[in-house]
Amino acid sequence: MKDLVKKLDKSQIKKIPGIRDLSRDIQKELDAVEEELNEFTKSPNKIVSEISSYLFKNAGKRIRPALLILCSKLCGYSGDEHITMSSLVETIHTASLLHDDIIDNSNTRRGQESVHTKWGPNITVLLGDYLYIKTISNSLKSRHRQIVQILTDVSSKMIGGELNEYYVSWNLDIDEHNYLDIINEKTASLFSASCQIGGILGNAQDKKEKILADFGTNLGMTFQIIDDLLDYSGDEKTMGKPVLSDLREGRITLPLIYTLQNDGKKNRSRILDLLKKKELDKSSLEEILHTVQSNGALDYTYRKAEEFSIYSKELLQQLPPSVHRDALSLFPDYILYRNK
Ligand code: FPP
Ligand code: MG
């Protein structure tokens with residue numbers, strides 16, 4: 001594993017198809033997480049089982065479960081509660097995406113119709129609520145009260161972040177600082193919680209638990225900044241979701257923030273005029289995209305993501321060397337170089 005870490009560079013990372021290839025020694029655990037997630041498909045409630053089958057058969061990247069498992073093992077954990085906890089963080093993530101796709105008017109997720117497009121918003125809201133409350137109820141079986149607290153705290157943070165993001169839609173005064181606060185709450189908080197919960201299961205001392213939580217935060221920041229970059233520069237087919245959707249919905253993310261603050265006065269007022277209309281047709285979208293692409297905003301956004309990924313690697317270096325630390329140290333580059 002050590003050699004793999006040393007040898008990896010950007011071109012090689014791109015060839016790594018998924019999380020499982022970053023962490024080969026946790027395959028069985030990831031399979032066990034899938035089995036727990038599959039329990040929803042056996043629900044006596046027909047609607048829950050039907051939509052859960054649709055949702056969980058088209059698996060996401062499972063980054064959060066892999067992080068939780070690796071962090072617990074890095075701290076010497078050898079029980080099986082990490083499987084349940086991993087399925088809980090993945091279920092919170094899934095529930096949040098159900099709601100997010102309604103809020104963002106997104107019709108595609110993971111290359112298939114989003115749940116609200118297929119079943120409508122009412123059923124989707126209720127299913128999200130159902131998955132979410134099941135998570136909290138299952139977490140109560142743990143003897144770790146602190147973990148239950150973390151799961152509820154992270155849920156309110158995610159909701160707060162999503163609320164704030166929606167509230168400042170079309171607000172062209174938001175700056176990088178506001179943006180980073182929002183993505184920390186809505187996205188990085190769950191990465192952080194996943195790593196911290198792994199540490200708690202492994203009885204990590206406070207300092208180690210904090211390093212793991214901070215590692216997760218920085219990884220999550222990298223993840224969301226790249227997500228927002230891909231909205232401007234990615235390929236719709238590869239990503240399995242639409243591009244330019246942030247712009248279309250008035251979400252002012254880092255590429256646009258940079259453009260508004262660093263482009264010439266003439267371009268800035270032109271973009272402001274286009275955005276003020278709030279209904280962006282194809283030619284307005286293309287015009288804004290062209291300006292964002294031509295002023296270094298995409299490069300700046302990538303560099304910002306890279307800063308967080310570098311810091312997350314530095315944090316890991318504060319922990320004693322192990323195969324699990326080696327596996328975790330592959331995540332920052334995997335997330336930074338991803339194209340979906
Ligand atoms: C995706 O962001 C959304 C999130 C990371 C968080 C969404 C949170 C909520 C809807 C609050 C509800 C939370 C719970 C616990 C039920 P994005 O739109 O930038 O990503 P995308 O491009 O993948 O849609
Ligand atoms: Mg969204």
Side-chain angles (χ1 to χ4, degrees), residues 40 55 58 60-61 63-64 87-117 121 124-139 148-169 174 179-194 216-217 219-236 238-257 301 305 335 338-340:
F40 286 111
L55 267 177
N58 187 9
K61 295 184 266 296
I63 298 180
R64 297 153 191 84
S87 80
L88 298 189
V89 293
E90 190 64 17
T91 308
I92 292 186
H93 171 58
T94 306
S96 77
L97 293 183
L98 289 178
H99 287 180
D100 177 71
D101 281 342
I102 300 177
I103 297 164
D104 289 351
N105 267 315
S106 288
N107 294 330
T108 321
R109 168 76 60 188
R110 295 173 186 159
Q112 62 182 19
E113 262 184 308
S114 53
V115 171
H116 76 95
T117 311
T124 308
V125 167
L126 291 170
L127 184 77
D129 292 345
Y130 179 89
L131 293 180
Y132 176 64
I133 205 63
K134 278 281 176 196
T135 303
I136 300 305
S137 128
N138 286 341
S139 75
V148 180
Q149 189 67 54
I150 289 173
L151 289 174
T152 50
D153 285 349
V154 74
S155 310
S156 14
K157 270 191 204 152
M158 290 169 74
I159 296 167
E162 186 86 349
L163 269 174
N164 288 342
E165 181 183 63
Y166 184 73
Y167 188 72
V168 298
S169 302
I174 100 153
Y179 164 78
L180 293 177
D181 276 351
I182 286 171
I183 66 166
N184 191 355
E185 285 202 305
K186 82 163 185 173
T187 304
S189 60
L190 190 57
F191 277 78
S192 176
S194 304
T217 302
L219 211 51
M221 296 299 280
T222 311
F223 183 93
Q224 188 60 47
I225 297 172
I226 293 296
D227 194 75
D228 296 339
L229 175 63
L230 287 173
D231 198 59
Y232 282 91
S233 65
D235 171 62
E236 204 153 306
T238 315
M239 294 198 296
K241 60 183 184 184
V243 291
L244 290 184
S245 57
D246 290 336
L247 190 54
R248 210 174 279 121
E249 294 298 315
R251 309 289 186 265
I252 317 297
T253 59
L254 195 52
L256 191 59
I257 293 172
T301 303
I335 286 175
R338 75 197 171 94
N339 57 7
K340 58 178 181 177

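Just so you know, ligand 1 is whichever comes first in the structure, and atom 1 is the first atom listed for that ligand. Predicted model only: the values in this text are computed from it and were never measured. Basis for what follows: all heavy atoms, side chains included, without hydrogens, waters or symmetry-related copies.
Asp228 places no side-chain N or O within donor-acceptor distance of the main-chain N or O of Thr253, the cut-off being under 3.5 Å. Judged purely by atom type and a 3.5 angstrom limit, Ser233 uses its side chain to pair as donor or acceptor with the backbone of Leu229. Under a 3.5 Å cut-off, the side chain of Asn58 and the backbone N or O of Arg110 do form a donor-acceptor pair. His116 contributes no side-chain N or O that, together with a main-chain N or O of Asn105, makes up a donor-acceptor pair within less than 3.5 Å.
Comment: Arg109 engages Asp100 in a salt bridge, judged by a side-chain N to carboxylate O separation of less than 4.0 angstrom.
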(request) Determine, step by step, whether Arg251 and Asp104 satisfy the salt bridge (Lys or Arg N to Asp or Glu O under 4.0 Å) criterion, reporting the C-alpha distance in whole Å, the side-chain angles of both residues, the deciding distance to 0.1 Å, and the verdict. (result) CA-CA 9 Å; Arg251 309 289 186 265; Asp104 289 351; 3.0 Å; yes
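For Phe223, the ring-ring contact (aromatic ring centres under 6.0 Å, His included) criterion is met by Phe191, not counting sequence neighbours.
The number of protein N/O/S atoms found under 2.8 Å from the Mg ion (ligand 2) is 2.
With no hydrogens or angles considered, no side-chain donor-acceptor pair links Asn184 and Thr217 at under 3.5 Å.
Residue pairs satisfying the salt bridge (Lys or Arg N to Asp or Glu O under 4.0 Å) criterion with at least one member in residues 179-190, sequence neighbours excluded, are listed as follows: Glu165-Lys186.
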Note every protein N or O atom lying under 3.5 Å from an N or O atom of ligand 1, pairing the names and giving the distance.
from, atom 1, to, atom 2, distance (Å)
ligand 1, 2 (O), Lys186, NZ, 3.1
ligand 1, 18 (O), Asp100, OD1, 3.2
ligand 1, 18 (O), Asp100, OD2, 2.9
ligand 1, 18 (O), Asp104, OD2, 2.7
ligand 1, 19 (O), Lys186, NZ, 2.7
ligand 1, 19 (O), Gln224, NE2, 3.0
ligand 1, 20 (O), Asp227, OD2, 3.4
ligand 1, 22 (O), Asp227, OD2, 3.2
ligand 1, 22 (O), Lys241, NZ, 3.0
ligand 1, 23 (O), Arg109, NH1, 2.8
ligand 1, 23 (O), Arg109, NH2, 3.3
ligand 1, 23 (O), Lys241, NZ, 2.8
ligand 1, 24 (O), Asp100, OD2, 2.9
ligand 1, 24 (O), Arg109, NH2, 2.8

